[in-house]
S.K.: 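Would you mind keeping the following structure in view while I ask a few things?
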2 protein chains.
Amino acid sequence: MYTGSLQVLIDELGRLPGVGPKSAQRMAFHLLKVAPEDALRLSSAIVAVKERTTLCPRCCNVAEGDECSVCADPRRDASTICVVEDPRDIVAVEKTGEFQGRYHVLQGALNPIEGVGPEQLRIRELLGRIDAEGIAEVILCTNPNLEGEATAMYLARLLKPLGVRTTRIASGLPVGGDLEYADELTLGRALQGRHDIDA
Amino acid sequence: MYTGSLQVLIDELGRLPGVGPKSAQRMAFHLLKVAPEDALRLSSAIVAVKERTTLCPRCCNVAEGDECSVCADPRRDASTICVVEDPRDIVAVEKTGEFQGRYHVLQGALNPIEGVGPEQLRIRELLGRIDAEGIAEVILCTNPNLEGEATAMYLARLLKPLGVRTTRIASGLPVGGDLEYADELTLGRALQGRHDIDA
C-alpha cells in the first residue's frame, strides 16, 4: 500500500503484541514525522537491549552485566526465594515493599497444551539453589490461574523432599473489591483462607 | 525499575502514539524474547524509513526515490488533483477505486489554536501546480471536521481566481448508517446535498 521502506516498518511494528494494522500505521507515520534522532533513539534502544541484556545466572531475571540488580544488592535476604513466572512479576512484587529476599524467574508456567513442560522452565536451576545457597523458604508466587496453580503444586512436590519451607501466596478478594461482584472461586478461596483477627 | 537498556527501550516505545506504559513494557519484553534477527528487523526498518523516505517534489506525498508511486504512474489522469491532509488519506481514497487523478498532500489542516496557518501547509506548492500542470479540477478532500472544512473553504477562495474547477467531497450519512443515530449536522448536510434520482 505504501512505499517500500514505510510498508516494511508498518509490518514490523504490526508484529509487536497488541499492535493492530491501524496502530502500526499510526506509529510508522509518527516515526516518519519526528526528528531523525528521536526515531533513531528507538532503533538504537532495540539494538542495545538485544546486545546487552542477559539472564542473571543465579535467578534467571533480566540482567545487564554479571548478575541482576536484585542479586547484586547485598542488603537482600539471601535465604528466601520468591518464585515468579516472569521478570515483570518481580517489578510487581518489588512495588509492594513486602519482600526483602531474592527471586527465581521460571520464564513461564507449566502449560501442556502449549508444549511447556518442566524442561522448558528454569526448575532445575531453582532446585540447585536450595542447597547451594542454604535457602530457608521458597515463596511460590506464580499467577493464581490454572497454569500458575499447577506450576506451584508441581514445585511444592519437588521441594518437599528437600526439607525447605514452601509457601504459596494467598488468594482472596482484592483490597477495595466488592463481595457482590467477586466470582465464586475467588470468594471460595477467600473463605478457605480466612484467619483469626485480633480485636 | 528495570535494568538500563530495557528501561530505555520501554521509555522509547512509550513515546509512540497510543502506547501507554503497560503496552510499552509488553512490547519491550516481546522484543527481549524474540530471536535477535526479528528484533533487529524492526530497528533496521526504522533506520531505513528515516534514511530513504522523502516527500514527493510534486505532490508532497511520502516517496522513496524521485517521486511518489502515484505521480510516477503514467496511467494517472494528470489534469485532476485530489487535495488531502495526510498521506494516509491517499490510501483511503485509493481503496475506493473512484479516483484516477493525482494527489496533493497538505501535510495538515488549518488549525489556529495549534499554530497551523497557511504557511505551515503545502498550499503554495498546490497553487503552483494549477498552471504548471494545466489542472482542470481540484477536489478538496480534507476531513469533514472543523479544521478540514475551514481548510477547504480557504483553498476554494484561493483557487477561484485561477479559474480552475474546485469541488468538495459530499457529506452525508455513511452507507449502511442509521438515520436514527445520525447526528443532526450530518443529517442536515445529507438533506442539503440531496439529489434527484432517476427511476
Side-chain angles (χ1 to χ4, degrees), chain A residues 1-20 22-56 61-65 68-69 86-88 90-91 94-95 107, chain B residues 1-20 22-56 61-65 68-69 86-88 90-91 94-95 107:
Chain A
M1 225 35 159
Y2 291 101
T3 59
S5 65
L6 185 57
Q7 190 59 50
V8 169
L9 178 58
I10 293 173
D11 292 344
E12 288 300 329
L13 287 166
R15 278 183 231 281
L16 292 172
V19 178
K22 277 276 164 193
S23 318
Q25 192 179 298
R26 195 148 58 109
M27 289 175 190
F29 272 92
H30 170 85
L31 289 168
L32 193 63
K33 214 177 203 175
V34 298
E37 56 270 26
D38 290 336
L40 298 180
R41 267 210 314 277
L42 172 56
S43 77
S44 313
I46 297 169
V47 174
V49 152
K50 297 310 278 189
E51 279 177 356
R52 292 196 216 141
T53 308
T54 53
L55 282 193
C56 176
N61 183 16
V62 179
E64 201 156 327
C68 78
S69 54
D86 193 283
R88 274 166 286 189
I90 292 183
V91 176
E94 286 294 291
K95 274 191 191 152
Q107 300 289 351
Chain B
M1 225 35 161
Y2 290 100
T3 59
S5 64
L6 185 59
Q7 188 59 51
V8 169
L9 178 58
I10 293 172
D11 292 344
E12 288 301 328
L13 287 166
R15 278 183 232 281
L16 293 172
V19 178
K22 275 276 164 193
S23 318
Q25 193 178 298
R26 195 149 57 109
M27 291 174 187
F29 272 92
H30 170 84
L31 289 168
L32 193 63
K33 216 176 201 174
V34 298
E37 56 271 26
D38 291 337
L40 298 182
R41 266 210 314 276
L42 172 55
S43 76
S44 313
I46 297 169
V47 175
V49 152
K50 296 310 278 187
E51 279 177 356
R52 290 197 216 141
T53 308
T54 53
L55 282 194
C56 176
N61 184 14
V62 179
E64 202 155 327
C68 79
S69 53
D86 193 283
R88 275 166 285 190
I90 293 183
V91 176
E94 286 295 291
K95 274 191 190 151
Q107 301 288 352

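Hydrogens, waters and symmetry mates are skipped; everything else that's a heavy atom, side chains included, is used. First the proteins, then the strands, lettered A, B, ... as listed; each starts at 1.
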S.K.: Could you have a look at Q25(A), Q107(A), K33(A) and say which one has the most heavy-atom pairs with chain B under 4.5 angstrom?
M.R.: Q25(A)
S.K.: With a 4.5 angstrom heavy-atom cut-off, could you sort out which part of L13(A) is near chain B: side chain, backbone, both or neither?
M.R.: both
S.K.: Can you name the nearest heavy-atom pair linking C56(A) to A63(A), along with the distance?
M.R.: N-CB, 3.7 Å
S.K.: Looking at A45(A), S23(A), C68(A), which has the largest count of heavy-atom pairs under 4.5 Å with chain B?
M.R.: A45(A)
S.K.: For each of L31(A), D86(A), D11(A), tally heavy-atom pairs with chain B at distances under 4.5 Å, and name the one with the top tally.
M.R.: L31(A)
S.K.: Please name the pair of heavy atoms, one in I46(A) and one in A39(B), separated by the smallest distance, quoted to 0.1 Å.
M.R.: CG2-O, 3.5 Å
S.K.: Looking at every heavy atom in both S5(B) and V49(A), which two are closest together, and how far apart are they?
M.R.: O-CG2, 3.1 Å
S.K.: Between I90(A), N61(A), V19(A), V34(A), which residue shows the highest count of heavy-atom pairs closer than 4.5 Å to chain B?
M.R.: V34(A)
S.K.: Where on D38(B) is there a heavy atom nearer than 4.5 Å to chain A: the side chain, the backbone, both, or neither?
M.R.: backbone
S.K.: For residues G4(A) and E64(B), report the shortest heavy-atom separation together with the two atoms involved.
M.R.: N-OE1, 3.6 Å
S.K.: Go through R15(B), E51(B), R26(B) and name the one with the most non-hydrogen pairs under 4.5 angstrom from chain A.
M.R.: R26(B)
S.K.: I need the minimum non-hydrogen distance between G65(B) and T54(B), along with the two atoms involved.
M.R.: O-OG1, 3.7 Å
S.K.: Which heavy atom of K50(A) sits nearest to which heavy atom of L32(B), and what is that distance?
M.R.: NZ-O, 3.0 Å
S.K.: So for A28(A), is it side chain, backbone, both, or neither that comes closer than 4.5 Å to the heavy atoms of chain B?
M.R.: neither
